Enquirer: 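Structure incoming, see below.
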2 protein chains.
Amino acid sequence: MEHTRTARERAREEITTEILEAARRRLASDGPANLSLRAVARDVGMVSSAVYRYVPSRDDLLTALLVEAYDELGAAAEAADDGVSDRTDVRARWTATCRAVRSWSVGHPHDYALLYGSPVIGYAAPRDTVGPATRVIVRLVGIISSAHEIGGAARPLPEGPGPSFEPSVGDATAALREVAGLDTDVPPELVGRTLMAWSTVFGTISFELWGHLVGSVSDHETYFDSVVSRLWHDLGGV
Amino acid sequence: MEHTRTARERAREEITTEILEAARRRLASDGPANLSLRAVARDVGMVSSAVYRYVPSRDDLLTALLVEAYDELGAAAEAADDGVSDRTDVRARWTATCRAVRSWSVGHPHDYALLYGSPVIGYAAPRDTVGPATRVIVRLVGIISSAHEIGGAARPLPEGPGPSFEPSVGDATAALREVAGLDTDVPPELVGRTLMAWSTVFGTISFELWGHLVGSVSDHETYFDSVVSRLWHDLGGV
DNA sequence: ACAAAACAAGAGCACTGCTCTCGAATGTTG
DNA sequence: CAACATTCGAGAGCAGTGCTCTTGTTTTGT
């Protein structure tokens with residue numbers, strides 16, 4: 001069934017991307033909660049009902065933007081990591097990647113809110129978006145496990161105090177086995193510590209963007225660097 | 001100017017609380033983004049325009065709910081801390097308070113979203129709500145500084161790796177001086193570590209509630225306990 | 001008893017997501 | 001090429017939202 005793209009198919013693709021681009025601009029300026037399908041329609045010079053030929057609903061449009069934003073953030077993080085020439089300098093890779101995540105988030109606060117804010121969409125749709133969502137954390141895990149493979153880059157993590165991570169993070173360990181294809185499983189303590197670190201990065205950026213650190217932190221950039229370096233230490237890095 | 005409360009004043013108070021109660025029910029069921037002033041009006045048997053006699057706008061209503069929710073969460077946290085009979089068992093106090101924060105959040109996910117989710121209101125209003133917002137973190141700081149005053153409850157925190165917290169957390173230190181009235185300032189490293197811990201608690205709860213740990217963490221309760229105990233260790237607690 | 005203030009109700013405006021219908025443009029097939 | 005089918009854009013319309021204004025009623029202070 002090899003058929004040349006008809007004019008209609010080409011037009012459909014162009015208009016679809018046109019709509020998505022206008023929607024991203026609207027998202028960047030108005031935020032996810034105020035994203036109006038009618039406003040997007042006006043931006044592309046169409047009437048609102050015509051847009052429904054290309055987008056099933058507002059939620060689907062938000063989901064498409066969600067995937068795009070996840071991808072953009074993931075690409076930014078990976079590019080920052082790849083930019084470190086000395087691949088054995090895992091500490092520099094960790095720092096660069098975390099900084100890239102914050103930089104993108106500060107530069108795209110509304111996109112960040114769509115990704116990591118309170119979900120505006122029901123819980124049905126965003127579940128098939130786990131793929132692009134995991135790009136950042138997967139890369140971070142790669143850096144951390146590299147550090148624990150390279151001699152002298154990290155001290156082995158002793159079992160932390162309190163209840164072990166072992167019973168609760170089994171799913172994450174299995175997921176890592178799938179995606180990273182490691183020969184040996186990442187120990188539960190390291191998996192838990194990695195989840196903790198990622199939660200802290202998210203919490204720090206969210207607090208900064210949502211204004212929860214107003215009156216407490218003055219220089220967010222150096223504060224973030226302080227946090228990131230201590231996280232690296234808590235992960236066993238040297 | 002001692003005047004007995006007229007019938008109208010009593011009615012106004014009653015109707016106001018009636019509206020707020022209905023709004024909280026709506027918030028609990030529909031979430032902050034879907035809170036409709038008209039729906040609240042219907043619930044209390046009024047027409048929407050009548051509600052505007054009591055509430056200036058939807059944003060002001062959300063702000064009122066915000067303050068109420070902050071207060072409820074703060075009370076829950078403080079009650080949990082106060083419930084620990086041995087006041088020198090600072091580790092138990094820390095654990096109980098953190099658990100209370102998570103319990104309230106899991107029990108009131110939509111209220112939690114209003115407090116700590118991406119802000120639905122503009123940045124003007126919520127800034128005069130910093131008072132009730134700080135109750136939890138203030139109590140947590142109290143527990144941590146108690147631990148560092150009691151001999152043997154905590155080891156002094158060595159300066160962490162990377163950039164010092166000193167230049168970025170000065171405002172927080174000053175704020176603590178105000179609210180807690182401590183004789184000597186909390187050292188920057190401890191202030192920074194406390195902010196980090198609070199960010200991690202927030203990040204962990206948010207990830208759980210917003211579904212970012214689906215496929216990674218199976219038992220959220222024990223996972224949270226694992227996180228909290230490691231945070232206590234990172235804060236210098238023993 | 002009367003003027004002033006507060007109130008509840010209704011209509012109305014501008015906006016939203018979404019559905020349906022109706023011609024027109026474009027596609028495929030005989 | 002002609003006929004039929006599909007796709008598309010525009011418009012009207014529905015139900016819902018926040019919010020304002022007017023109108024008539026009730027309560028208050030004088």
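Protein chains get the first letters and strands the later ones, always in sequence-line order, with residue 1 at the start of each. Predicted, not measured: the structure shown is a model, and the values here were computed from it.
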Enquirer: Please report, rounded to the nearest Å, how far the P atom of C/dT16 is from the CG atom of A/L61.
Expert: 14 Å
Enquirer: Is a side-chain donor-acceptor pair under 3.5 Å present for A/T63 with A/D60?
Expert: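 There is no such pair between these side chains.
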Enquirer: To the nearest Å, how far apart are B/R10 CZ and D/dT28 P?
Expert: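 Atom CZ in B/R10 sits about 9 Å away from atom P in D/dT28.
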Enquirer: Rounded to whole Å, please give me the gap between OH in A/Y52 and C1' in C/dC18.
Expert: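 A/Y52 atom OH is separated from C/dC18 atom C1' by 5 Å.
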Enquirer: Under 4.0 Å: is that the gap between some side-chain N or O of B/R42 and OP1 or OP2 of D/dT17?
Expert: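 Answer yes for this pair, as a side-chain N or O of B/R42 is under 4.0 Å from OP1 or OP2.
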Enquirer: Counting any heavy atom closer than 4.0 Å, what does B/S36 reach on the DNA or RNA strands: base, sugar-phosphate only, or nothing?
Expert: sugar-phosphate
Enquirer: Scan B/S48 against the nucleic acid and name what it touches under 4.0 Å (heavy atoms): base, sugar-phosphate only, or nothing.
Expert: base
Enquirer: Give a yes/no on whether any side-chain N or O of A/Y54 is located under 4.0 angstrom from OP1 or OP2 of D/dG9.
Expert: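 Answer yes for this pair, as a side-chain N or O of A/Y54 is under 4.0 Å from OP1 or OP2.
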Enquirer: In whole angstroms, how far is the C1' atom of D/dT17 from the CZ atom of B/R58?
Expert: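 Checked: the CZ to C1' distance equals 9 Å.
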Enquirer: Given D/dC19, D/dT28, C/dA9, which nucleotide is nearest the side-chain atoms of B/A50?
Expert: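 Among the listed nucleotides, the one closest to the side chain of B/A50 is C/dA9.
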Enquirer: For the residue pair A/S206 and A/Y112, confirm or rule out a side-chain donor-acceptor distance under 3.5 Å.
Expert: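 Yes, because at least one side-chain N or O of A/S206 sits under 3.5 Å from a partner of the opposite role on A/Y112.
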Enquirer: Return the value, rounded to whole Å, for the distance between atom CD of A/E9 and atom C1' of D/dT7.
Expert: 12 Å
Enquirer: Please answer whether the main-chain N or O of B/T6 pairs with a side-chain N or O of B/E9 as donor and acceptor at a distance below 3.5 Å.
Expert: yes
Enquirer: More 5' along DNA chain C: B/V47 or B/R38, using each one's nearest nucleotide?
Expert: B/V47
Enquirer: Rounded to whole angstroms, how far apart are CD on B/E13 and P on D/dT27?
Expert: 18 Å
Enquirer: Would you tell me if any nitrogen or oxygen in the side chain of A/R12 comes within less than 4.0 Å of OP1 or OP2 on D/dC8?
Expert: yes
Enquirer: Roughly how many Å is it from CG in A/L37 to P in C/dC15, rounded to a whole number?
Expert: 16 Å
Enquirer: Looking across every strand, which nucleic acid part, if any, lies under 4.0 Å from A/I15 by heavy atom: base, sugar-phosphate, or nothing?
Expert: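 Since only primed, P, OP1 and OP2 atoms lie under 4.0 Å of A/I15, the category is sugar-phosphate.
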Enquirer: Look only at the side chain of A/R58 and the backbone of A/L35, and say whether a donor-acceptor pair between them is shorter than 3.5 Å.
Expert: yes
Enquirer: C/dG10 base to B/S49 side chain: any donor-acceptor pair below 3.5 Å?
Expert: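 Counting by modelled atom types and ignoring angles, a donor-acceptor contact under 3.5 Å is found here.
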Enquirer: Is A/R102 salt-bridged to A/D225, cutoff N-O under 4.0 Å?
Expert: no
Enquirer: Reckon A/R53 touches a base, only the sugar-phosphate, or nothing at all at heavy-atom distances under 4.0 Å?
Expert: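 Here A/R53 touches the bases of the nucleic acid.
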Enquirer: Base, sugar-phosphate, or nothing: which does A/L35 touch, judged by heavy atoms less than 4.0 Å apart?
Expert: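 Sugar-phosphate contact only.
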Enquirer: C/dT26 phosphate, OP1 or OP2: any side-chain N/O from A/R8 under 4.0 angstrom?
Expert: no
Enquirer: Would you kindly give the CG-to-P distance between B/D30 and D/dT17, to the nearest whole Å?
Expert: 10 Å
